[in-house]
Engineer: 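Before I ask anything, here is the structure I am working with.
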Amino acid sequence: MLTKKEIRFCLDEMGKMFPNAHCELIHRNPFELLIAVVLSAQTTDASVNKVTKTLFQKYKSPQDYIVVPLEELQQDIRSIGLYRTKAKNIQKLCKILLEQYNGQVPKSLEQLMELPGVGRKTANVVRSVAFGIPAFAVDTHVERVSKRLGICRWKDSVLEVEMTLMKKVPKEEWSIAHHRMIFFGRYHCKAQNPDCLNCPLLSICREGKKRTKGLKEN
DNA sequence: AACTCGGGGCA
DNA sequence: TGCCCAGAGTT
């Protein structure tokens, strides 16, 4: 398992590789971010941004989403994966915001996770990005990178990965660390055929050493 | 823990 | 055209 110092080294190197790592979803307020993140499940941020660019001109508030027929909302987000269920969830979610939270987005993890279409990852992104609350959103990139590097164990659940990261990374850095790991995972430490030979983290990466064994010249 | 849901992007 | 990518919810 990597030490805190080794993890810091990793995060610093990721910062050099991706100095502009940040949340890529378009949003101007917590409500729009919540919608954007719910739409982003199992979908790339680029696809979501294509949809929200026009969506947010038409729908400004929770009321706007529930006064239209479900079919209309579904058509408006048709180009992303799982759009039928996502439209249903957004209407249910908007009703809950109006009925229970005076139309505002709640801030607690528990309240967010009770909303339909909002799981742990989505709730943590909203807390971190919209409200500036320290949170570690573990998506597939963060999970893969953590496991390959050796920050956590291969068999760890998503929750265990999150707990380990929160324990080993200073709280003030959770937000930037999670964005760096996402960029690192998406563009460099890819799921398929990662370029370990050209990775600045190879010297301490558990998986990288295994993968490059016998491949290195000399 | 395994399965389902359903698009876009890329080879 | 077929393979890979990205989470939540249900059993």
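Each chain gets a letter, A, B and so on, in the order the sequences are listed, and its residues count up from 1.
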Engineer: Using a strict cut-off of less than 4.0 Å between a Lys/Arg side-chain nitrogen and an Asp/Glu carboxylate oxygen, indicate whether A:D64 and A:K58 qualify as a salt bridge.
Structural biologist: no

Engineer: Nearest-Å distance, CD (A:E114) to C1' (C:dG9)?
Structural biologist: 15 Å

Engineer: Looking across every strand, which nucleic acid part, if any, lies under 4.0 Å from A:D139 by heavy atom: base, sugar-phosphate, or nothing?
Structural biologist: sugar-phosphate

Engineer: Taking the P atom in each of B:dG8 and C:dG9, what is the distance between them to the nearest angstrom?
Structural biologist: 23 Å

Engineer: Does the ring center of A:F31 lie less than 6.0 Å from the ring center of A:Y65?
Structural biologist: yes

Engineer: If you compare every side-chain N and O of A:Y83 against the phosphate oxygens of B:dG6 (OP1, OP2), does one of them come in below 4.0 Å?
Structural biologist: no

Engineer: How long is the line joining NZ of A:K190 and C1' of B:dA11, in whole Å?
Structural biologist: 13 Å

Engineer: Check A:E24 with A:R186, please: is the shortest side-chain N to carboxylate O separation under 4.0 Å?
Structural biologist: yes

Engineer: Taking only side-chain N and O atoms of A:T44, does any of them lie within less than 4.0 angstrom of OP1 or OP2 on B:dG8?
Structural biologist: no

Engineer: Can you measure A:L112 atom CG to C:dG7 atom P for me and round it to whole angstrom units?
Structural biologist: 17 Å

Engineer: Under 4.0 angstrom, heavy atoms only, what part of the nucleic acid is A:V118 near: base, sugar-phosphate, or nothing?
Structural biologist: sugar-phosphate

Engineer: For the residue pair A:K168 and A:T3, confirm or rule out a side-chain donor-acceptor distance under 3.5 Å.
Structural biologist: no

Engineer: Should A:T43 be listed as having a side-chain N or O under 4.0 Å from OP1 or OP2 of B:dG6?
Structural biologist: no

Engineer: Could you work out which one of B:dG6, C:dA8, C:dA6 sits closest to the side chain of A:A41?
Structural biologist: C:dA8

Engineer: Would you mind classifying the nucleic acid contact of A:G119 as base, sugar-phosphate or nothing, using non-hydrogen atoms under 4.0 angstrom?
Structural biologist: sugar-phosphate

Engineer: Give one of base, sugar-phosphate or nothing for A:A46, where a contact means two heavy atoms less than 4.0 Å apart.
Structural biologist: nothing

Engineer: Rounded at 0.5 Å granularity, tell me how far CG in A:L34 sits from CG in A:L93.
Structural biologist: 5.0 Å

Engineer: Below 4.0 angstrom from OP1 or OP2 of B:dG7, is there any side-chain N or O of A:R84?
Structural biologist: yes

Engineer: What interatomic distance, in whole Å, is found between P of C:dA6 and the corresponding atom of B:dA11?
Structural biologist: 16 Å

Engineer: Could you state the atom-to-atom distance from CG of A:D45 to P of B:dG9 in whole Å?
Structural biologist: 13 Å

Engineer: Which nucleotide in the list C:dC5, C:dA6, C:dG7 gets nearest to the side chain of A:K121?
Structural biologist: C:dG7

Engineer: To the nearest Å, give me how far apart CZ (A:R144) and C1' (C:dC5) are.
Structural biologist: 10 Å

Engineer: With a 4.5 Å limit on heavy-atom distance, are the side chains of A:E160 and A:R153 in contact?
Structural biologist: no

Engineer: Starting at atom CD of A:Q74, determine the distance to atom P of B:dC5, rounded to an integer number of angstrom.
Structural biologist: 16 Å

Engineer: For the side chain of A:Q192, starting at C-beta, report the closest nucleotide among B:dG8, C:dG7, C:dC4.
Structural biologist: C:dC4

Engineer: Hey, does the side chain of A:T122 come within less than 4.0 Å of C:dA8's phosphate (OP1/OP2), counting only N and O?
Structural biologist: yes

Engineer: I want to verify a distance call: between C:dA6, B:dC5, C:dC5, whose nearest atom is closest to the A:T140 side chain?
Structural biologist: C:dA6

Engineer: Go nucleotide by nucleotide along DNA chain C from the 5' end; which of A:L115 and A:A191 gets its closest nucleotide reached first?
Structural biologist: A:A191

Engineer: Looking at every strand, decide which applies to A:K50 at a 4.0 Å heavy-atom threshold: base, sugar-phosphate, or nothing.
Structural biologist: sugar-phosphate

Engineer: Output the single nucleotide from C:dG7, B:dG8, C:dA6 whose closest atom is nearest the side chain of A:S47.
Structural biologist: B:dG8

Engineer: To the nearest Å, how far apart are A:F183 CZ and C:dA6 P?
Structural biologist: 14 Å

Engineer: Given atom CD of A:E143 and atom C1' of C:dG7, what is their separation to the nearest angstrom?
Structural biologist: 11 Å

